[in-house]
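Worksheet for the structure shown next.
Both backbone and side-chain heavy atoms feed into the values below; hydrogens, waters and symmetry mates do not.
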Amino acid sequence: MVGEGFEGKAIISRHKPFQVVSFHLDPAILVKVIGDEGYSSLPEFCRRIINGTGEGYFSHSLPMNPMIRLILEQILKAHRGIV
């Protein structure tokens with residue numbers, strides 16, 4: 001169910017530094033942000049999560065590139081009130 005905690009396990013190399021950034025969005029807010037066109041282009045399992053008929057969570061790892069790094073740094077600075 002969306003909103004409840006969940007547990008997971010990650011296998012991470014002890015020889016590589018890492019950071020984790022997690023976004024938790026209310027489904028109604030996500031739909032408002034992406035609009036009808038964005039919603040209709042989502043994969044079916046994502047639409048099921050939003051409609052409350054899916055697993056309730058989605059996890060996806062992305063490789064780091066300069067653009068993603070910049071966006072994440074801006075989010076972290078804003079969160080820390082450094083902007």
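Considering only residues two or more places apart in sequence or on other chains, Ile34 meets the side-chain contact (heavy atoms from CB on, under 4.5 Å) condition with Leu30, Tyr39, Leu42. In this structure, Arg48 has no side-chain hydrogen bond (donor to acceptor under 3.5 Å, both in side chains) partners at least two apart in sequence or on a different chain. Under the side-chain hydrogen bond (donor to acceptor under 3.5 Å, both in side chains) criterion, Glu37 pairs with no residue at all, not counting sequence neighbours. For the side-chain contact (heavy atoms from CB on, under 4.5 Å) test, residues two or more places apart in sequence or in another chain that qualify with Ile29 are Asp26, Val33. Under the side-chain contact (heavy atoms from CB on, under 4.5 Å) criterion, Asn65 pairs with Met67, Ile68, not counting sequence neighbours. Qualifying side-chain contact (heavy atoms from CB on, under 4.5 Å) partners for Ser40, counting only residues two or more places apart in sequence or in other chains: none.
One distance of note links CD1 of Ile50 with CZ of Phe45; it measures 10.0 Å at 0.5 Å rounding.
For Asn51, the CG atom is densely surrounded, since the number of other residues' heavy atoms within 6.0 Å is greater than 12.
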